Amino acid sequence: MTLTSPKGTHDLLPEDLATWQFVEQTARETFGRANYQEIRTPMFESTDLFERGVGESTDIVNKEMYTFLKGERSLTLRPENTAGVVRAYIQHGMDRRPKPVKLFYMGPMFRYERPQAGRQRQFHQIGAEVFGVDTPQSDAAVILLAMTFFTKLGVPGLKLEINNVGCFDCRGDFREQLKALLAPHLMALCGDCNKRFETNPLRMLDCKNETCKAVYTQPEIAAFLNQDHTCTVCQTHFNQLLELLDAAHVPFERNKMLVRGLDYYTRTVFEITSNHLGAQNAVCGGGRYNGLVKMLGGPDTPAVGWALGVERLVSLIAKQTQPALEYFVVSDSPSHALALCQQIQARGFSADLDLTGKALGKQLAQANKLNARYVVICGESERESHSIVVKTMTDGSQESLPQELFFERLTLRAPVPA
RNA sequence: GCGACUGUCGCCUAGUGGUCAGGGCCCCUGAUUGUGGUUCAGGUUAUCGUGGGUUCGAAUCCCAUCAGUCGCCCCA
């Protein structure tokens with residue numbers, strides 16, 4: 001019986017990581033330039049945090065959490081990171097920092113689900129959150145940040161869908177009206193929708209069942225849904241956001257059926273999908289969550305943010321190759337080989353050497369397998385004359401030169417040492 | 001939680017009841033003890049996912065189980 005990684009988890013091998021590192025590096029660069037700062041919170045939190053923060057009626061909390069008991073404490077592997085970031089924001093009094101507080105994070109999340117294409121039990125998210133501002137321009141800025149990031153990475157086939165789900169006040173009214181309207185149709189609707197009718201009727205609109213869709217597109221219901229049922233404040237906010245997106249030339253689609261699965265969203269919700277993915281086509285999702293900070297015991301603080309799935313993102317962009325090895329040192333003297341290698345590395349180049357003590361010809365063959373661009377040969381005769389042979393592997397040409405001259409040349413081309 | 005399909009060396013794969021399995025790639029050794037890539041010769045790696053059954057005989061047929069993939073659901 002061979003050991004394998006647990007169901008729904010994957011090893012990231014060196015050849016995969018080149019693309020991941022490219023994504024992470026681009027993220028740090030893009031967010032850094034936009035003045036976001038990185039935050040790292042624990043991979044597990046009190047179960048309570050997610051129950052209160054993510055929402056008791058959500059699937060995530062109901063059936064997807066990895067929860068375990070340690071002594072009296074119930075802990076849960078984080079299924080998402082907004083709740084964790086909000087907890088840290090409150091705990092460290094970050095509301096005393098200059099507003100807005102702009103944070104980003106990246107790391108693994110855990111959800112106990114049946115794995116399939118684009119869905120695993122341990123997956124990775126990159127997310128951004130802005131605390132302390134309630135303006136439409138902060139919504140726009142956050143969405144633009146995501147779009148800029150995707151553009152930089154060259155992600156194809158993207159679509160931005162956006163909706164206004166209202167605030168806690170107007171959503172309640174809408175909810176009751178919707179329930180009144182849908183109640184007579186319950187018999188015709190699927191089991192899931194009947195459950196959602198009680199727990200979270202807004203999510204019924206997102207149902208993929210054809211019969212249910214048919215009901216929701218009936219003239220009477222469609223007409224109701226077509227009206228904006230949010231309050232004037234929410235509507236104004238949303239309309240201003242749409243204008244800002246237009247002004248920034250960001251194409252979007254208004255999707256009145258779009259409802260996020262997490263309870264904490266208010267007003268703006270959005271989702272970025274790609275038609276190059278399978279059934280799990282959402283790359284990025286987010287929105288405004290003005291009530292969450294207060295709900296978790298902090299000061300009443302508006303916030304907006306999003307999270308994207310790194311695995312899905314990586315599957316969409318061109319595969320990056322690992323940087324090639326620059327130098328390979330060939331020598332029959334271990335001490336000289338080690339010293340040379342270190343000196344090359346100190347000047348900012350990658351260098352490797354043989355550790356097995358094999359013959360020079362074999363060492364050269366190894367350099368070739370490792371795809372080294374240059375081989376530095378330092379054998380007995382070179383040592384006597386304090387020289388070195390530099391061989392260019394692509395064309396086989398080589399040059400003998402004094403060691404000092406070699407290092408001078410290296411220094412000239414080398415990046416500034418850290 | 002439900003459904004469909006798949007499961008042979010590290011990777012790709014031949015083999016659809018009759019020698020406990022063949023090939024390609026990779027890896028290692030040698031030809032080539034101060035010069036790699038090509039070529040040539042050799043070598044290592046598989047109790048055919050696991051367990052049971054049918055049969056004189058099973059990688060091959062049947063059942064179960066596990067795992068993977070895709071879809072439902074849900075979401076990033």
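Per chain, numbering begins at 1; letters A, B, ... match sequence-line order. These numbers were taken from a predicted model, which means no experiment stands behind them.
- Nucleic acid contact for A/I377: base, since at least one base atom lies under 4.0 Å from a heavy atom of the residue.
- The base of B/C73 sits within donor-acceptor range of the side chain of A/R119, with an N or O pair under 3.5 Å.
- Using a 4.0 Å heavy-atom distance criterion, A/M109 is classed as making no nucleic acid contact.
- Rounded to whole Å, the distance from CD on A/E15 to C1' on B/C11 is 11 Å.
- Side-chain N/O atoms of A/R114 and base N/O atoms of B/C70 include no donor-acceptor pair closer than 3.5 Å.
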### Query
Can you list the steps and then say if A/N255 with A/I162 is a side-chain contact (heavy atoms from CB on, under 4.5 Å)?
CA-CA 6 Å; A/N255 178 358; A/I162 189 163; over 6 Å; no

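- Using a 4.0 Å heavy-atom criterion, one finds that A/T394 contacts the bases of the nucleic acid, with or without backbone contacts as well.
- At a cut-off of 3.5 angstrom, counting only N and O atoms as typed in the model, there is a donor on one side and an acceptor on the other between the side-chain of A/E382 and the base of B/G34.
- Side-chain atoms of A/R312 lie closest to B/C75 of the nucleotides B/G71, B/G36, B/C75.
- If you take CD of A/Q363 and C1' of B/U32, they are 15 Å apart, rounded to a whole angstrom.
- Taking atom P in both B/G15 and B/G7, one finds a spacing of 12 Å when rounded to whole Å.
- Base pairing of B/A64 is made with B/U50, judged by Watson-Crick or G-U wobble geometry with both donor-acceptor distances under 3.5 Å.
- Nucleic acid contact for A/E380: base, since at least one base atom lies under 4.0 Å from a heavy atom of the residue.
- Considering only side-chain atoms of A/Q280, the nucleotide from B/A76, B/G34, B/C72 that sits closest is B/C72.
- For the pair A/R373 and A/Y327, the cation-pi test (distance below 6.0 Å, angle within 45°) is failed.
- A/N281 places its CG atom 14 Å from the C1' atom of B/C73, with the value rounded to the nearest Å.
- Within 4.0 Å of A/G285, counting heavy atoms only, lie sugar-phosphate atoms of the nucleic acid but no base atom.
- When rounded to the nearest whole Å, the span between CD of A/E161 and C1' of B/A76 equals 15 Å.
- Between the side chain of A/Q398 and the base of B/U35, a donor-acceptor pair under 3.5 Å is found.
- In this structure, A/K99 is not positioned above the aromatic face of A/F131 in the sense of NZ or CZ being under 6.0 Å from the six-membered ring centre and within 45° of the axis.
- A/A307 and A/Y105 make their closest contact through CB-OH, 3.6 Å (heavy atoms, listed as atom of the first residue, atom of the second, distance).
- A/G286 comes within contact range of no nucleotide atom at all, as no heavy-atom separation falls under 4.0 Å.
- Nucleotides B/G24 and B/G36 place their C1' atoms 24 Å apart, quoted to the nearest Å.
- Of the candidate nucleotides B/C75, B/C72, B/U35, B/C75 has the atom nearest to the side chain of A/A282.
- Contact annotation: A/Q125 does not reach the phosphate of B/A76 (side-chain N/O to OP1 or OP2, under 4.0 Å).
- Under a 4.0 Å N-O distance rule, the pair A/E80/A/R78 does not qualify as a salt bridge.
- When distances run from any side-chain atom of A/A117 to the nucleotides B/U35, B/G71, B/C27, the shortest one goes to B/G71.
- Here, B/A31 and B/U38 have their C1' atoms 14 Å apart, quoted to the whole Å.
- Along RNA chain B, the nucleotide closest to A/T9 and the one closest to A/I60 are compared, and the more 5′ of them pairs with A/T9.
- For B/G68, the base has no donor-acceptor partner in the side chain of A/T4 [N/O atoms by modelled type, under 3.5 angstrom].
- Counting distance only, with no hydrogens placed and no angle test, the side-chain atoms of A/N368 and the base atoms of B/G36 include a donor-acceptor pair under 3.5 Å.
- One atom, CD of A/Q116, and another, C1' of B/A76, lie 13 Å apart when rounded to the nearest Å.
- The same atom, C1', is picked in B/A46 and in B/C20; the two are 11 Å apart, to the nearest Å.
- Note: CZ (A/R78) to C1' (B/C75) measures 17 Å, nearest angstrom.
- No engagement by A/E271 is indicated, since no non-hydrogen atom pair under 4.0 Å with the nucleic acid exists.
- Residue contacts for A/A359: at a heavy-atom cut-off of 4.0 Å it reaches no nucleic acid atom on any strand shown.
- Under the 6.0 Å cut-off for aromatic ring centres, A/F149 and A/F31 qualify, their centroids lying closer than that.
- Remark: A/K63 is not in phosphate contact with B/C2, judged by side-chain N or O atoms under 4.0 Å from OP1 or OP2.
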### Message
The test is side-chain contact (heavy atoms from CB on, under 4.5 Å); show your working for A/F328 and A/D354 and say whether it passes.
### Response
CA-CA 8 Å; A/F328 191 90; A/D354 169 61; 4.3 Å; yes

